[in-house]
Every structure is written in C-alpha cells, then in structure tokens.
Amino acid sequence: MAEKHPASGPEHAEQHQNWMMINPFAHYNVSEMPKRSFGQEEYGRAPAGSRSEQRALAANVRALQEILQLCEQIEKSGQEDTERHGGKTVAFGALFDIYNDISDKLLATLLGARKYGFVDFSGETLFQGRDETVPVRLVRPFQELKMEILAKVEDIRCIYVEKTNVEPTTLRQE
C-alpha cells in the first residue's frame with residue numbers, strides 16, 4: 001500500500017489557496033489582494049509557529065542574557081548605592097570602559113535593561129564623553145534581578161520548545 005505524502009490531497013490545495021490569498025507576490029494587481037486585518041496582539045508579530053517567531057524568541061533570550069551579563073558587571077564593579085538598599089551604582093564612563101571588552105552593544109543593552117526595569121539612569125540616552133559621570137544603578141539587589149531574568153529566559157525557552165513542536169499554520173517550503 002502506497003503511503004500518502006502529508007502535503008497532498010484536497011487539504012494541501014486548500015492550504016495553498018489560503019496562502020496565495022495572503023501572499024503579496026501572488027497578485028499582479030495590488031487592488032486584487034485582500035486586505036488583512038490584525039488584532040492588536042497580532043500586529044507587528046511573526047505568524048504563530050513560523051520560523052520568524054522562533055528567531056524572535058531566540059533573539060529575546062540572547063537580549064535577556066546580555067542584560068544579565070550587564071547587571072552582573074555593574075554588581076562586580078559598582079559601589080553600594082546609598083539611596084537604594086542592596087543596589088549598586090557605577091558611572092557610565094567606567095562601565096563603558098569595562099563593558100567595551102565584553103560587547104559593543106552597551107547602550108542598546110542599557111536601554112533594554114531600563115525598559116524591563118532592571119537598571120536606571122538619568123536622561124533619555126547616554127553618550128560617551130558627555131555623560132561619563134552619570135550613575136547607572138541596579139534597581140534591586142543583583143540576586144533578585146538574576147532570578148527574575150533567568151525566569152523570563154526559561155519562560156521564553158518553554159514557549160520556544162512548545163512552538164517548535166507545533167506544525168506551523170502557514171505553508172512551509174521544503
């Protein structure tokens with residue numbers, strides 16, 4: 001008995017038709033292309049189960065790992081923060097000199113860490129030379145931050161593993 005290829009039959013034809021409806025390159029005239037509507041939670045996100053979503057999740061993990069490395073560096077080289085109990089602070093210039101050997105993405109990592117609420121500094125952004133003395137502070141003790149960051153990484157990895165085991169909803173090119 002011959003085995004049926006999983007991508008054959010009426011289901012495959014219907015799936016292909018649905019894919020061609022949303023494929024912007026399948027229409028000769030843009031006015032023929034149906035308008036897609038997105039919910040607020042879907043807008044700007046990769047389709048669920050796609051390789052793009054997998055790459056985005058992996059990038060989130062890498063960004064959180066870099067934030068953890070930054071917080072660890074502030075913990076190692078920082079001074080006790082007199083305003084916050086258990087937090088450390090380091091001048092941006094000193095942090096720039098130390099972190100330059102580790103990564104060239106200090107400012108992006110600092111902005112991401114501030115977005116997540118792990119570090120704090122005054123101003124919208126920091127510039128080498130101009131903001132050498134601006135203090136960069138850990139918002140909470142390092143061990144608390146480390147536990148929170150590692151929990152976020154583990155959550156993302158669990159989502160990543162779940163998503164890779166699910167068959168994507170769009171047609172895959174093999």
Side-chain angles (χ1 to χ4, degrees), residues 22 24-25 36-170 172-173:
I22 62 172
F25 302 108
R36 294 183 68 189
S37 60
F38 297 100
Q40 186 133 11
E41 65 282 345
E42 286 180 45
Y43 188 76
R45 297 194 185 271
S50 68
R51 290 185 180 139
S52 294
E53 183 186 41
Q54 292 172 0
R55 286 189 296 271
L57 290 171
N60 284 342
V61 167
R62 282 192 306 275
L64 284 168
Q65 288 170 337
E66 287 180 12
I67 289 171
L68 177 61
Q69 191 175 27
L70 171 68
C71 291
E72 187 174 14
Q73 200 60 46
I74 294 171
E75 173 69 17
K76 284 180 184 175
S77 59
Q79 314 275 310
E80 284 294 323
D81 191 357
T82 55
E83 295 175 20
R84 293 186 172 95
H85 297 288
K88 296 269 184 135
T89 185
V90 64
F92 174 68
L95 182 62
F96 189 89
D97 292 339
I98 295 165
Y99 202 76
N100 200 24
D101 293 334
I102 298 168
S103 174
D104 60 347
K105 300 177 272 197
L106 173 63
L107 188 58
T109 307
L110 270 174
L111 292 172
R114 181 166 70 175
K115 175 184 168 190
Y116 282 115
F118 300 135
V119 300
D120 187 35
F121 54 88
S122 62
E124 191 172 321
T125 190
L126 300 170
F127 294 99
Q128 184 185 12
R130 185 187 81 179
D131 297 316
E132 299 285 317
T133 59
V134 173
V136 178
R137 296 180 184 90
L138 290 180
V139 175
R140 294 186 303 279
F142 174 69
Q143 290 304 319
E144 281 182 35
L145 295 175
K146 183 178 179 179
M147 295 296 286
E148 186 177 338
I149 293 169
L150 291 175
K152 285 179 185 253
V153 166
E154 193 58 35
D155 288 346
I156 292 172
R157 283 190 174 143
C158 287
I159 292 169
Y160 180 78
V161 169
E162 279 179 20
K163 298 283 184 174
T164 55
N165 292 333
V166 174
E167 190 66 27
T169 57
T170 58
R172 290 189 338 191
Q173 298 291 327

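Basis for what follows: all heavy atoms, side chains included, without hydrogens, waters or symmetry-related copies.
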Could you report the tightest heavy-atom contact between [X] and [Y], atom names first, then the distance?
X	Y	answer
Leu57	Ile156	O-CG2, 3.5 Å
Leu145	Cys71	CD1-SG, 4.4 Å
Arg55	Ser52	NH2-OG, 3.1 Å
Gln73	Ile98	NE2-CG2, 3.1 Å

Checklist entry - Can you check side-chain contact (heavy atoms from CB on, under 4.5 Å) on Gln79 and Lys88, steps first, answer last? => result CA-CA 5 Å; Gln79 314 275 310; Lys88 296 269 184 135; over 6 Å; no
Checklist entry - Can Phe142 and Leu68 be said to form a side-chain contact (heavy atoms from CB on, under 4.5 Å), step by step? => result CA-CA 9 Å; Phe142 174 69; Leu68 177 61; 4.2 Å; yes
Quick one: list whatever passes side-chain contact (heavy atoms from CB on, under 4.5 Å) with [X], sequence neighbours left out.
X	value
Glu132	Gln128
Asp131	Phe92, Leu126, Phe127, Val134
Gln65	Val61, Arg62, Arg157
Arg114	Leu111, Val119, Asp120, Phe121

Item to check | Reported OG1-to-CG distance for the pair Thr109 and Leu70, which is rounded to 0.5 angstrom | outcome: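 With rounding to 0.5 Å, OG1 (Thr109) is 6.5 Å from CG (Leu70).
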Item to check | For Ser77, all residues meeting side-chain hydrogen bond (donor to acceptor under 3.5 Å, both in side chains), sequence neighbours excluded | outcome: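 Ser77 satisfies side-chain hydrogen bond (donor to acceptor under 3.5 Å, both in side chains) with no other residue.
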Item to check | Those residues that, when tested against Glu66, pass side-chain hydrogen bond (donor to acceptor under 3.5 Å, both in side chains) (two or more places apart) | outcome: Lys105
Checklist entry - Does any pair with a residue in residues 142-154 pass salt bridge (charged side-chain N to carboxylate O under 4.0 Å, His left out), and if so which ones, sequence neighbours excluded? => result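 Residue pairs with at least one partner in residues 142-154: Arg140-Glu144, Arg140-Glu148.
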